[in-house]
Amino acid sequence: MSDRHILTAVAWPYANGPRHIGHVSGFGVPSDVFSRYHRMAGDRVLMVSGTDEHGTPITVAADAEGVSPREIADRNNRLIVGDLQALGLSYDLFTRTTTANHAQVSQEIFLGLLKNGYVFPQTTLGAISPSTGRTLPDRYIEGTCPICGYDGARGDQCDNCGNQLDPTDLINPVSRINGETPRFVESEHYFLDLPAFTRALGDWLATRKSWRPNVLNFSRNLLEDLKPRSYTRDIDWGVPVPLDGWRDRPDKRIYVWFDAVVGYLSASIEWARRSGDPEAWRQWWQTPDSDAYYFMGKDNIVFHAEIWPAQLLGYDGEGDRGGSPGSLGRLNLPTEVVSSEFLTMEGRKFSSSRQVVIYVRDFLARYDPDALRYFVAVAGPESQDTDFTWAEFLRRNNDELVAGWGNLVNRTVSMAAKNVGAVPTPGERTDADRALLEATSSAFGPIGDLLARNRQKAAATEAMRVVGEANKYLSDQAPWKLKEDPARRDTVLHTALQAISDCNALLTPFLPHSAQKVHELLGGTGVWSPTPEIREVTDLDDGSPYPVITGDYDAAQAVWASRRLQAGTPLSPPTPVFRKLDDSVVEEELRRLEGEE
Ligand SMILES: [Zn+2]
């Protein structure tokens with residue numbers, strides 16, 4: 001194992017409902033492919049995330065159901081944990097933002113920023129109810145969005161255009177409780193002094209050469225007009241503000257986005273505390289040769305290329321006001337913000353409210369996780385908006401996974417099992433044999449390079465091109481015609497099986513579930529590509545129970561290199577690796593989509 005440490009920081013799914021396949025295409029699958037590749041290459045990966053559980057939408061859902069925000073968060077956390085585990089996403093820790101550990105770390109970052117002068121108090125206008133005189137939290141104020149004109153915008157954000165708002169921005173604000181017009185009175189909040197980071201953020205972005213060009217350009221443009229942003233909000237659900245006179249106030253909390261991004265750090269610390277070495281997180285956050293890759297959809301770039309780096313720079317004391325690192329010590333900035341574009345569905349935007357949606361759970365009830373993972377890898381929204389169509393999904397599954405890769409495995413293993421009962425012993429190889437083995441074994445370098453740079457679509461396409469070469473070799477050599485020449489037949493079968501073993505390793509980051517099956521069909525035993533597990537734990541500080549995703553990934557045998565197949569390894573007749581889908585699937589799914597509108 002190398003000493004290279006790689007932090008895979010995966011966007012935190014918001015716990016107001018189950019996730020749909022558009023979500024997991026943007027952050028989930030790409031971050032897992034990346035992590036699995038680096039583990040195979042011998043790097044020390046820490047992949048963390050969790051559910052983002054604070055903020056207005058969860059309190060609105062809780063109000064609507066007449067339950068506590070915690071109940072909503074508990075229910076959706078469990079749903080999301082189940083879905084992400086079923087997709088095979090190999091988190092070292094997938095936790096949540098309602099842990100006591102997360103609150104402590106979020107408060108520590110706030111205090112470090114305060115100490116260095118990067119958050120400051122400022123009086124703004126807050127809403128109260130004229131009839132009761134009580135504070136009206138942001139979510140209870142509704143009005144017309146000043147940016148897009150949507151008439152259901154709330155006091156903290158517009159769900160239509162996604163912009164962050166203040167209640168005073170709304171046109172015609174009204175109380176959702178009784179329809180009265182709120183009165184605005186002076187209210188104290190803390191603000192993050194973003195303009196103080198314009199130079200430091202610019203210097204940092206200037207060193208970021210490998211980012212996708214659209215992400216880098218977007219991030220640079222953000223620097224042109226940085227304004228202070230409120231670090232606290234009028235809300236009763238979130239991380240308390242750790243100051244005397246604020247800590248116990250029920251109506252002031254840290255803004256959900258400013259605590260959610262701290263989750264990458266708090267989850268790393270929680271992972272270390274659970275590992276038995278509470279300081280272990282430092283290897284990913286504080287050593288100069290560690291790298292941190294952040295995965296998300298493009299709607300979240302601003303929080304990962306501007307807000308979170310500014311919080312880190314301020315905590316480290318590296319903005320215009322200077323300062324010194326807080327008690328955790330200096331923290332590393334992101335190496336790369338890996339942002340995906342959007343996935344649409346049959347030409348339309350995913351929308352839970354308009355039912356243009358397929359949830360991960362429903363998808364996995366009908367199809368295998370690797371079928372979705374493959375589609376995302378080879379045809380997902382890596383660098384441009386991309387449409388998911390059922391016809392394309394069916395074609396990719398049937399033509400590429402089943403007929404291309406699965407059939408190569410099945411034909412070859414079944415011939416070897418029937419004729420030899422084991423991996424055959426090869427005789428002297430011909431030029432064609434050597435050419436195939438050269439093609440498969442030399443593919444690790446270039447495909448690994450693509451994966452390290454998050455060019456996953458090109459990597460998957462290249463791996464499937466190598467599979468195509470193996471298929472062509474098998475057709476050309478036609479071992480089924482070599483009954484009279486068993487020595488040559490065995491050499492061909494051995495060559496094809498060795499090529500399959502190489503292709504299986506190349507495809508393992510994309511297709512971990514089927515890679516394990518192929519490993520076993522080739523006579524392998526034990527864990528090839530590990531499956532994450534759901535573990536029930538209790539909060540390290542307050543004892544409340546919750547599920548996490550974690551796993552033992554070090555024991556896996558998969559490595560990023562050609563491994564020699566041992567002649568004589570027993571083989572059994574294979575079962576199919578992938579399921580062929582019937583053409584009627586397309587019509588059924590389209591009917592389901594229409595029926596739900
Ligand atoms: Zn709007």
Side-chain angles (χ1 to χ4, degrees), residues 1-2 4 6 33-43 45 210 373-374 377-378 382 400-401 404-409 411-413 416 423-479 488 490-512 514-516 518-519 521-524 528-529 556-567 569 577:
M1 198 168 263
S2 81
R4 188 172 173 214
I6 293 187
V33 169
F34 179 78
S35 298
R36 285 179 182 271
Y37 159 69
H38 276 292
R39 289 194 193 106
M40 288 175 73
D43 298 322
V45 173
S210 64
R373 294 177 61 110
Y374 180 69
V378 81
E382 181 175 285
E400 297 175 11
L401 281 186
W405 172 226
N407 193 32
L408 171 70
V409 175
R411 290 202 287 171
T412 314
V413 173
V423 175
T425 304
E428 197 176 331
R429 297 199 201 272
T430 63
D431 285 350
D433 304 342
R434 281 191 293 269
L436 177 65
L437 295 182
E438 169 61 21
T440 59
S441 63
S442 68
F444 287 92
I447 294 176
D449 181 56
L450 289 167
L451 286 171
R453 294 187 296 123
N454 278 298
R455 271 48 174 186
Q456 298 187 358
K457 193 179 276 201
T461 304
E462 179 59 14
M464 289 305 278
R465 191 192 62 74
V466 178
V467 168
E469 286 200 32
N471 262 316
K472 180 169 185 309
Y473 167 87
L474 199 65
S475 304
D476 290 350
Q477 300 302 318
R488 176 62 195 151
D490 286 1
T491 304
V492 170
L493 287 175
H494 183 276
T495 304
L497 287 169
Q498 179 64 56
I500 286 168
S501 169
D502 290 351
C503 291
N504 193 44
L506 294 168
L507 289 167
T508 294
F510 306 104
L511 308 172
S514 37
Q516 177 68 35
V518 172
H519 167 71
L521 291 181
L522 293 174
W528 173 259
S529 47
Q557 295 169 42
V559 291
W560 195 253
S562 176
R563 294 208 329 177
R564 216 179 179 151
L565 264 191
Q566 287 301 324
T569 306
V577 182

Exercise. With a 3.5 Å cut-off and no angle check, do the side chains of Ser501 and Asn504 form a donor-acceptor pair?
Worked result: no
- Evaluate the side-chain proximity of Asn471 to Trp405: yes if any heavy-atom separation is below 4.5 Å, no if none is. no
**Asked** Can you check side chain to side chain contact (heavy atoms under 4.5 Å, CB included) on Leu507 and Val467, steps first, answer last?
**Response** CA-CA 10 Å; Leu507 289 167; Val467 168; 4.0 Å; yes
Exercise. Between Thr425 and Asp490, does a side chain to side chain contact (heavy atoms under 4.5 Å, CB included) hold up when you go through it step by step?
Worked result: CA-CA 6 Å; Thr425 304; Asp490 286 1; 6.0 Å; no
In this structure, CZ of Arg455 is separated from CD of Glu382 (nearest 0.5 Å) by 7.5 Å
**Prompt:** Taking the side chain as C-beta and beyond, is there a heavy-atom pair between Leu497 and Pro424 under 4.5 Å?
**Reply:** yes
Parallel, tilted or perpendicular for His519 and Trp528, by the 30°/60° rule?
-> parallel
Requested in this report: Report yes if the side chains of Phe444 and Asp502 come closer than 4.5 Å at any heavy-atom pair, otherwise no.
Outcome: yes
With sequence neighbours left out, the residues meeting side chain to side chain donor-acceptor pair (under 3.5 Å) with Gln557 are none
dist Leu511:CG -> Arg373:CZ (nearest 0.5 Å) comes out at 7.5 Å
dist Ile6:CD1 -> Asp43:CG (nearest 0.5 Å) comes out at 4.5 Å
Hits for ring pair (Phe, Tyr, Trp, His ring centres under 6.0 Å) against His38, two or more places apart or cross-chain, chain-then-number order -> Phe34
Compute whether any side-chain donor of one residue and acceptor of the other, for Asn454 and Gln456, lie under 3.5 angstrom apart. yes
The side chain to side chain donor-acceptor pair (under 3.5 Å) partners of Arg429 (sequence neighbours excluded) come to His494, Thr495
Should the pair Glu462-Arg465 be classified as a salt bridge under the 4.0 Å nitrogen-to-oxygen rule?
-> yes
